[in-house]
Amino acid sequence: MELYLSFSEILRFFKRHLWKFAVLTLACGVLLGVLSLKSFQRVYSTTSTILVACTIDNNASPDYSNQYASMLNVRLQAAVAMADLEDFRVAVAERAGVEESSLNSITASQVSTSTLVDLTISTGDRDHAAALADAAAEEMADQLEAIYPTPPIQVHVTNHAETPAEQSARSSVMKSGILGIVLGIILSLCIGLAILLLDHTMRDGTYVSNSLKLPFLGALSAKAGEQRKQDEFRALRASVFQQTKGHGSVLFTPVHTKKGAGSTAAGLAKAMTLTGKTVLLVEADFSGNALSGQLDAGASQGLAAILEGTTSLKEAAVPTGTKGLSFLPCGKAFGNSADLVASRAFSEFLYDAAEQYDYVLCVLPGEEEMPDADNAAPAASAVVLVAEYGKTPFRNFEKSLNRLRTAGGNISGFVMTNVQ
């Protein structure tokens with residue numbers, strides 16, 4: 001699966017959503033802690049050890065000694081198996097003087113290859129835990145000696161059980177809570193990586209630039225202060241100047257969504273006027289008048305009237321509150337917008353506007369939604385694609401780029417907006 005972002009972008013993603021992952025992690029810790037408290041039961045374990053031995057005559061033959069050692073091993077295995085018997089458990093409870101229900105289980109295991117057998121009991125009765133373990137050892141000793149009278153064996157309790165430490169519900173909850181936090185961290189990492197792996201949207205401008213061999217002109221932050229915004233547009237201005245050699249007409253077209261192109265062109269236009277350039281900002285998106293509300297500009301018949309031949313650029317372009325910046329709204333279209341921008345009249349308009357202004361910045365509708373940009377691209381000096389961070393799919397952007405290149409557009413690069 002292809003990853004459409006860099007490692008640094010992965011870190012930025014987790015940093016942005018840190019509080020969400022922190023809530024998830026704490027929720028896992030609390031959940032496991034509560035479940036541990038609800039299911040908490042005090043269960044105590046303690047162990048007694050018995051030694052199974054026999055006395056062999058010093059004059060016994062080697063064959064007899066080997067045979068007896070084999071028999072002793074069989075008896076050790078019998079002792080281990082005896083611990084699992086229900087009758088043995090009942091006998092141990094009676095011997096210790098407690099209710100049978102208080103004795104959860106008895107297990108026995110041979111210690112390595114020795115003749116020692118550990119007897120471990122599990123019970124909820126802490127006060128009688130040691131007595132139960134010792135009773136199990138004594139009961140096994142008695143039963144083994146009774147079962148195997150010949151040759152005689154001796155069974156001794158070598159290590160008596162100790163009273164286990166008191167168990168605390170608080171300690172159990174704390175341990176479960178810590179385990180839950182660890183699981184929450186792992187779950188957060190898995191969820192975050194899954195989101196990123198399944199996210200094919202554009203997040204890393206450098207990756208896109210290298211993959212598509214397309215200049216990355218700049219990034220515009222979603223939540224930046226006024227000074228930072230101006231600096232970002234100054235950086236974008238420098239890139240556009242370099243790509244267009246200081247003058248010309250530039251088309252701005254968004255990909256996948258309609259957002260971003262208008263505000264990008266408007267911010268760039270104002271930045272250009274700070275260098276003494278004269279700029280005409282044209283709204284060629286006939287589906288709406290989004291830019292008209294952003295600029296302090298008067299009424300105009302707009303681009304549609306110029307293309308119809310009913311007015312001139314000088315009459316239709318209106319000044320704005322920014323020195324050196326004029327604005328031309330779209331006006332009311334008399335036909336299909338894609339046909340309008342593909343017409344000879346539109347090409348002539350761009351040529352005439354470029355003669356009167358240093359820069360003509362033209363905002364078009366979304367490249368995916370409408371074919372306007374494909375039709376207008378050959379007429380402009382340059383085309384700038386606008387992608388929205390985390391919204392524009394990489395493959396959709398690539399397809400739009402290929403369409404514009406096929407249409408004959410001079411693609412200067414792309415801008416990424418709303419960067420988190």
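- Rounded to the nearest 0.5 Å, atoms OG1 (Thr253) and CG (Asp372) are 8.0 Å apart.
- Remark: the backbone N or O of Ser249 is paired with a side-chain donor or acceptor of Ser381 at under 3.5 angstrom.
- For the salt bridge (charged side-chain N to carboxylate O under 4.0 Å, His left out) condition, the pairs that include at least one residue of residues 216-228, sequence neighbours left out, are Arg228-Glu232.
- When all heavy atoms of Ser211 and Phe394 are compared, the pair lying nearest together is CB-CZ, 4.0 Å.
- With sequence neighbours excluded, no residue satisfies side-chain hydrogen bond (donor to acceptor under 3.5 Å, both in side chains) with Glu355.
- Under a 3.5 Å cut-off, the side chain of Ser122 and the backbone N or O of Ser105 do not form any donor-acceptor pair.
- Pairs engaging residues 309-320 under the salt bridge (charged side-chain N to carboxylate O under 4.0 Å, His left out) rule: none recorded [sequence neighbours left out].
- Between Asp358 and Met272, every side-chain heavy-atom pair lies at or beyond the 4.5 Å cut-off.
- Contact check for Met140 versus Val155: no side-chain heavy atoms found under the 4.5 Å cut-off.
- Within the structure, the salt bridge (charged side-chain N to carboxylate O under 4.0 Å, His left out) test picks out the following pairs touching residues 77-103 (sequence neighbours left out): Glu86-Arg89, Arg89-Glu100, Arg95-Glu138, Arg95-Glu139, Arg95-Asp142.
- Remark: side-chain polar atoms of Thr158 are paired, donor with acceptor, to backbone N or O of Thr49 under 3.5 angstrom.
- Between Thr47 and the options Asp118, Thr120, Thr107, a side chain to side chain donor-acceptor pair (under 3.5 Å) holds for only Thr120.
- Side-chain contact between Thr163 and Thr46 is absent, with no heavy atoms from C-beta onward closer than 4.5 Å.
- Other residues, nucleotides and ligands contribute over 12 non-hydrogen atoms within 6.0 Å of the NZ atom of Lys277.
- Defined by atom type and a distance below 3.5 Å, a donor-acceptor pair is missing between the side-chain atoms of Thr406 and Arg403.
- Ser209 places no side-chain N or O within 3.5 Å of a backbone atom of Gly205 that could act as its donor or acceptor partner.
- In this structure the side chain of Leu313 reaches within 4.5 angstrom of the side chain of Leu280, judged on heavy atoms.
- The side-chain heavy atoms of Ser412 and Val250, taken from C-beta on, include no pair separated by under 4.5 Å.
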Under 3.5 Å, side-chain donor or acceptor atoms of residues 346-354 against the rest of the protein: list the pairs with distances, not counting sequence neighbours.
residue, atom, partner, partner atom, Å
Glu348, OE2, Arg344, NE, 3.1

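- The shortest distance between side-chain heavy atoms of Thr115 and Leu76 falls below 4.5 Å.
- Applying the ring-ring contact (aromatic ring centres under 6.0 Å, His included) rule to Phe414 yields the partners Phe216, Phe397; only residues at least two apart in sequence or on another chain are considered.
- Remark: side-chain polar atoms of Thr417 are not paired, donor with acceptor, to backbone N or O of Tyr389 under 3.5 angstrom.
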